Amino acid sequence: MATVASADAVGGVRGTTDVHLAAGYFHAYTVVGLVAVVGVLFVAVAFAAGHLLRPVVPTREKMLTYECGVDPVGEGWAQTQIRYYVYSFLYVIFAVDAIYLFPWATVFAAPGFGGTTLVEMFIFIGFLAVGLLYAWKKGVLEWT
Amino acid sequence: MTLAAGHPGFMSPTGVEIAFVLVGIATLGAALVTVTTKQLVHAALWLVVALGGFAVEYLLLTAEFIAWVQVLIYVGSVVVLLLFGLMLTKAPIGRSPDADSGNGWVALVVAVAAAATLVWVVVDAFRSTWVDLGGAAQGSAKVTGAILFRHWVLPFEALSVLLLAALVGAIVLSKRGAPARRSLLSKSEALPMRGVPSERKARES
Amino acid sequence: MSPVPGHGLAKGLAVTLRTMTRRSVTHQYPDAAPHLPPRSRGVIALFEENCTVCMLCARECPDWCIYIDSHKETVPPAAPGGRERSRNVLDRFAIDFALCMYCGICIEVCPFDALFWSPEFEYAETDIRELTHERDKLREWMWTVPTPPALDPGAEEPKEIAAARKTAEKLAAAQETAAQQTETPEGGA
Amino acid sequence: MNGTLDVILRLVAVLVVFLVLPLVVGQTEHKVMAHMQGRLGPMYAGGFHGWAQLVADGVKFAQKEDVVPEGADRRIFQLAPVVSLLPYLLVMIAIPVGPHGFVGQSIDAGLFFVLAVMGVGVLGSLMAGWASANKFSLLGGLRTAAQLMAYELPMLLAGASVAMAAGTLSLPGIVQAFHWWWIPWQIVGGVVFFTAGLAELQRPPFDMPVADSEIIFGAYTEYTGLRFAMFLLAEFAGIVVLCALTSVLFLGGWHGPWSGSLGWLWTLVKTGLLAFVVIWLRVTYPRLREDQLQKLAWTVLIPLALAQIALTGIVKVVTS
């Protein structure tokens, strides 16, 4: 089902822009992959060289958790604001929203889309903006 | 993707296909470690590996846009959310023996059943569909956008309503017991870091 | 509140940018000697010839960082047939600058002008024990003590000079009157 | 064979840029910050105005002992700096420097690729914060995560606005489509993008995750030697990437007089100016409070970014 749809959608777009061939696509991402490999190699070489250069003299005091110079109190654990958690919910929801902007951004000004697509996206964003307003009014976005 | 007029053979060992299989095995391994490790945060980090493996698989299927969505949403925010939750609720360093609920076998059965169903559905739906690696890249943002805004506008709009509902739900759930906290906060200046004990006191009073 | 929102932010940026265009005030210390103000407190110097081992400095020191050892000596009588005098002789005078807090009380209380401020400040050591300066080292610092700064014009003259002047004047006046007295009887005769 | 050589050349170039430009920015920060505070900054290393200070620092870092605290989760602790460093290297390949394909590698979904990969770096700070078994590190890690969550979104939205204006996600494509009037048109988006980027890099005034006067050095408290140096390198590489991206997206990248032959210089100059602004802001403003930071993101930057998207969409549809 989706395959048929994609085939003719591509036909619609193909006329307006250049076609990116899969060969070029794979070449591009091979280079990206190679950069990652180079990065890992660089780090590995750096650590190997560091291993030759640096001293290794572990003492108990050195391995102690650092707490401003005094001996650590309690365990390596601190309780903190649960409040942060609301923001992370908000972010996940809005991020899902935001990614739809990108495919839309590439096509909405193309012939055959235009104003209608713009309105569609505005409705979409409008709903989310209502959500943001709701969060604002509920005082989620402020701590004080 | 094109309909398989000339069947490319089930396993023509081109580089992309070999890479696809290898990454798939690695991803499966990472996923298995994710569910079997006894260390909570390690599980979350293995999940990053598994999700990253998925992203690479999408890339190999020329679904460029979906691949980066995978990285942005799953690795960049869902896993961060997970880690965040783990850190807030005391995830110890080392094994947590009480993390096992003892329902391992039931979970295994459910997982296998779900996987079998999914695999069957996908195989059934795309039995004769092949990604054409020789032609145009099919998964770019432009193609995705064209399909989305030409054929799937209504689900797209419905999605916004769903997201709104999720947002409101999250806020309502997280605001439980908030009035007491707010009254305390209005009295004293909010410090950048307030320990939980003071809040607990506020809730009791 | 500022009239324009963001006014304060812009002002802050202007301040830092202006400071950047100005000459910095840093002195390149080890390369360029610092300009020390008069009466800088660097190290404490001992003019041991003046010390009488009265122990006032050691006793007044809040940190107890002055160590003095001495013994008594008998001095033969100045005039034949006179009484023998006993005198304190300094064996050790040390200041532990690891303890010293540079309050300067020792210098203030010394009744015989045996302790002085020197502006010398470069005496850091890698071993803390080296910071205890013994007598000969303290004596060496004496060479770095500057002459005291001139008094302000119109200032009251120092007490000792005033006292010395008064004695000198008195002496002069006495001599004069004595001279007159010797003169007058001659003239009358 | 020619193609292989070309690829190798590009890889080497990216690695060199990745290692040199952050050092230049770091040295500039030393000197600019010093002079803005009426000081001189480093003067000895290398002879002339301490130009080799960061090289000397690097030599020093390499000789330091690599201490892993007793309570730490050893492997994750050691892996964390790498996770936070590599995304920036990966991103650098997609940033166009000059016209006619002067780019590490043109990627069709470049903008989206860059934003997605940059978001991964935060995992490094989270891992470091958790694995150090240190209260302050944990707090720093949590703050890092909260900050990323607050500021990734305005960045995405502002980036989407530029993509709308250009009608493509490819970074070279966006620069190609640039006209001078985009600057006033996209200025709000640009400011939002740059501010959010600063927050994501944990640069002052948004440096609560490493606030040394509150939580020592946040997630990096326990790190020594080479691993600590990697976190620092990640920060400065982040500045380079952010400034280069901002200049490519909002300031026209290589556009300028004689852009045909001097395009790469324009990109560098714009990036350098923005890096100067990053340092300038650091010297000028005090650190925000954690709640002020969240409030700024959600109640100022996101609404502004949404307004920018609406403006871009309307202008684009009207003019096309």
Side-chain angles (χ1 to χ4, degrees), chain A residues 1-3 5-7 9-10 12-14 17 19-26 29 76-77 79-82 84-86 88-97 99-100 102-108 110 112-113 117 120 123-128 130-132 134-135 138-140 143-144, chain B residues 1-3 16 59 62 64-65 69 72-73 76-78 80-81 84-85 88 90 92-93 125-126 129 132-138 140-151 153 156-157 159-161 163-164 166-168 170-171 174-175 178 182 185-186 189-190 193-197:
Chain A
M1 191 164 51
T3 54
S6 80
V10 170
V13 175
R14 213 171 246 167
T17 55
V19 178
H20 300 279
L21 280 179
Y25 167 88
F26 279 115
Y29 279 107
W77 181 256
Q79 279 180 314
T80 175
Q81 280 282 7
I82 198 83
Y84 285 132
Y85 212 59
V86 188
S88 51
F89 278 134
L90 284 182
Y91 168 61
V92 172
I93 290 164
F94 276 98
V96 172
D97 164 37
I99 55 158
Y100 282 98
F102 286 88
W104 172 67
T106 54
V107 295
F108 83 105
F113 291 95
T117 310
E120 282 161 11
I123 294 172
F124 184 81
I125 291 180
F127 269 108
L128 267 296
V130 168
L132 186 64
Y134 173 77
K138 278 277 172 185
V140 174
W143 289 9
T144 49
Chain B
M1 283 171 259
T2 55
L3 294 179
V16 174
L59 273 183
T62 71
E64 188 181 22
F65 182 69
V69 167
L72 188 76
I73 299 296
S77 67
V78 170
V80 171
L81 180 77
F84 209 39
L88 281 171
K90 185 152 189 166
I93 288 174
F126 300 102
T129 315
D132 180 15
L133 296 179
Q138 299 288 313
S140 69
K142 192 159 267 180
V143 178
T144 314
I147 297 169
L148 190 63
F149 288 95
R150 205 154 268 161
H151 302 277
V153 172
F156 170 72
E157 296 295 346
L159 180 72
S160 70
V161 182
L163 286 175
L164 180 63
L167 181 70
V168 173
I171 291 171
S174 62
K175 288 289 282 183
R182 282 191 69 76
L185 272 178
S186 57
E189 275 298 303
M193 267 293 149
R194 182 187 295 277
V196 170

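Throughout, protein chains are lettered first and strands after them, A, B, ... in sequence-line order, and every chain is numbered starting at 1. The analysis underlying the following values was restricted to heavy atoms, covering all of them including side chains, and did not include hydrogens, waters or symmetry mates. Everything numeric in this text was worked out from a predicted model, so none of it was measured.
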Asks: How far apart are the closest heavy atoms of A/I93 and B/L163, and which atoms are they?
Replies: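 Heavy atoms of A/I93 and B/L163 come nearest at CG2-O, 3.7 Å.
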Asks: For chain A, which of B/V69, B/L59, B/L159 has the most heavy-atom pairs under 4.5 Å?
Replies: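 Of the options given, most contacts go to B/L59.
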Asks: With chain A, which of B/L72, B/V161, B/L81 has the greatest number of heavy-atom pairs at distances under 4.5 Å?
Replies: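 Greatest number of close heavy-atom pairs with chain A: B/L81.
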Asks: Between A/F102 and B/F65, is the ring centroid distance below 6.0 Å?
Replies: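 So the answer is no for these two rings.
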Asks: Do you know the tightest heavy-atom contact between A/V130 and B/L164?
Replies: C-CD1, 4.3 Å
Asks: Would you mind checking which part of B/V168 comes under 4.5 Å of any heavy atom in chain A, side chain (CB onward), backbone (N, CA, C, O), both or neither?
Replies: both
Asks: Is A/F124 in contact with chain B via its backbone, its side chain, both, or neither, using a 4.5 Å heavy-atom distance?
Replies: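 When you check distances to chain B, atoms from both the backbone and side chain of A/F124 fall under 4.5 Å.
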Asks: Measure the spacing between CZ of A/F127 and CD of B/E157 and express it to the nearest 0.5 Å.
Replies: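 With rounding to 0.5 Å, CZ (A/F127) is 7.5 Å from CD (B/E157).
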Asks: Can you tell me which of A/Y91, A/F94, A/Y134 forms the most heavy-atom pairs within a distance under 4.5 Å of chain B?
Replies: A/Y134
Asks: Using non-hydrogen atoms only, which part of B/I73 is less than 4.5 Å away from chain A: side chain, backbone, both, or neither?
Replies: side chain
